[in-house]
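Input: a single structure, listed below in structure tokens.
All heavy atoms count here, side chains included; hydrogens, waters and symmetry mates do not.
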Amino acid sequence: QVPSDYGPIDLVKIVIDTVGNLPPGLNYQTNSDTFYVDTAYCVLLSGTPTTPGIYDLYIRVIPFIYSIILGVVPFPAVTDDTSLTLIVRDQLGIDEYQGKEFTVLEAFPNPFGTVARIGFYTCSQGPFELRIYNLLGKLIYSEDIAGLPGKNYFNFNGIELQPGTYLYNISGNNQSVTRKLLKTEY
């Protein structure tokens, strides 16, 4: 129930109208058009922000209430601007991997629905392997590539995986790093 000038009313669902004040270069996507009461949902931000600054995001929703006379009807839109602030910092033009022999890049997107781009940076050439495990340690995917100096990427298609948490490991040139990968519904 939601308080109002007319007493408590029953909230049935909300519909995301917009996520606003996003930094240029970012977009949003919801995992459902309609959010029902007593259910968890997600708003995924993705992209690469292009303009430094402080961005106080807001979410504008349209609540739907139940009226004995009219049934389910929309209520005036509500804006929540207290939830999230993003800080985008300016790049200094310095290669962030300078001086590192090997590092694993963050998977993108993460969480992912069908395909995730998983990368690494290396100073040397050689064979590299991507291995993906479930949380019980069972190997569910493996791929090899010939790594070259600089950034290298695997395009992992996980469309057949069940939603959940997985671990990915990239190894090569006597180096090995493991990170978490989250799979959502597509």
Side-chain angles (χ1 to χ4, degrees), residues 12-20 22-50 55 57 59-62 64 80 83-84 86 88 95-97 100-186:
V12 176
K13 63 183 178 180
I14 62 171
V15 173
I16 299 287
D17 180 60
T18 189
V19 175
L22 288 170
L26 283 188
N27 298 305
Y28 75 92
Q29 178 181 0
T30 60
N31 65 345
S32 177
D33 295 333
T34 304
F35 293 9
Y36 291 94
V37 175
D38 295 327
T39 309
Y41 295 94
C42 179
V43 176
L44 173 69
L45 300 180
S46 62
T48 302
T50 58
Y55 298 87
L57 305 188
I59 298 176
R60 185 170 184 246
V61 298
I62 300 169
F64 285 77
D80 176 3
S83 298
L84 186 63
L86 289 178
V88 178
D95 183 355
E96 63 185 298
Y97 307 110
K100 295 182 182 178
E101 289 186 31
F102 174 76
T103 188
V104 170
L105 309 173
E106 291 297 325
F108 180 81
N110 193 9
F112 76 104
T114 55
V115 176
R117 188 173 189 199
I118 302 172
F120 63 94
Y121 174 89
T122 182
C123 288
S124 56
Q125 186 173 318
F128 287 85
E129 182 179 23
L130 168 67
R131 291 179 299 233
I132 299 186
Y133 300 89
N134 66 19
L135 288 181
L136 298 175
K138 180 181 177 188
L139 178 66
I140 58 172
Y141 180 83
S142 180
E143 180 180 348
D144 295 318
I145 64 170
L148 299 173
K151 293 180 183 178
N152 298 264
Y153 294 96
F154 297 93
N155 289 313
F156 171 64
N157 186 336
I159 194 166
E160 294 184 13
L161 294 181
Q162 294 295 318
T165 303
Y166 296 86
L167 299 174
Y168 67 95
N169 173 275
I170 298 178
S171 60
N173 291 345
N174 298 317
Q175 304 277 342
S176 180
V177 175
T178 301
R179 298 248 172 98
K180 190 179 342 182
L181 184 63
L182 301 173
K183 168 78 162 73
T184 63
E185 295 286 337
Y186 10 89

Side chains of P149 and Q125: closer than 4.5 Å at any heavy-atom pair?
-> yes
Should Y168 and T178 count as side-chain neighbours, where that means a heavy-atom distance under 4.5 Å?
-> no
Are F35 and V15 side-chain neighbours, meaning at least one heavy-atom pair lies under 4.5 Å?
-> no
Indicate the atoms forming the closest heavy-atom contact of P23 with P49, along with that distance.
-> CB-CB, 4.0 Å
Tell me, do S171 and F120 make a side-chain contact under 4.5 Å, heavy atoms counted?
-> no
Is it true that a side-chain atom of T184 and a backbone atom of F112 form a donor plus acceptor pair closer than 3.5 Å?
-> yes
Is there a donor-acceptor contact under 3.5 Å linking the side chains of E129 and S142?
-> yes
V19 side chain near V43 side chain, heavy-atom distance below 4.5 Å | yes
Is the shortest heavy-atom distance from the side chain of L181 to the side chain of T165 under 4.5 Å?
-> no
Kindly check if the number of other-residue, nucleotide or ligand heavy atoms within 6.0 Å of CD (E143) is above 12?
-> yes
Mind checking what makes side-chain hydrogen bond (donor to acceptor under 3.5 Å, both in side chains) contact with T122, not counting sequence neighbours?
-> none
How about F102 and Y121: are their ring centroids closer than 6.0 Å?
-> no
Checking side-chain contact (heavy atoms from CB on, under 4.5 Å) against I170, which of I118, N152, T103 comes through?
-> I118
Sidechain-backbone polar pair: N110 side chain, L182 backbone, donor-acceptor under 3.5 Å | yes
Centre of Y153's six-membered ring, under 6.0 Å away, within 45 degrees of the axis: is that where NZ or CZ of R117 sits?
-> yes
Between K13 and V37, is there a donor-acceptor pair closer than 3.5 Å when you use the side chain of the first and the backbone of the second?
-> no
Tightest non-hydrogen contact, residues R131 and S176, listed as NH2-OG, 4.5 Å
If you round to the nearest 0.5 Å, how far is CG of L26 from OG1 of T48?
-> 7.5 Å
Verdict with supporting geometry, I59 and T18, side chain to side chain contact (heavy atoms under 4.5 Å, CB included) | CA-CA 6 Å; I59 298 176; T18 189; over 6 Å; no
Could you tell me whether the side chain of F108 reaches within less than 4.5 Å of the side chain of V115, counting heavy atoms only?
-> no
Nearest-0.5 Å distance that lies between atom CG in L139 and atom CG in L167 | 11.5 Å
How long is the gap from CD1 on I140 to CD1 on I132, to the nearest 0.5 Å?
-> 6.0 Å
Is a side-chain N or O of R179 found less than 3.5 angstrom from the main chain of V104, in a donor-acceptor match?
-> yes
Spacing of CG belonging to L22 relative to OH belonging to Y28, to within rounding of 0.5 Å = 8.0 Å
Y133 and Y166: CA distance, side-chain angles, deciding distance, ring-ring contact (aromatic ring centres under 6.0 Å, His included) verdict | CA-CA 6 Å; Y133 300 89; Y166 296 86; over 10 Å; no
Does Q175 offer a backbone N or O that forms a donor-acceptor pair with the side chain of N173 under 3.5 Å?
-> no
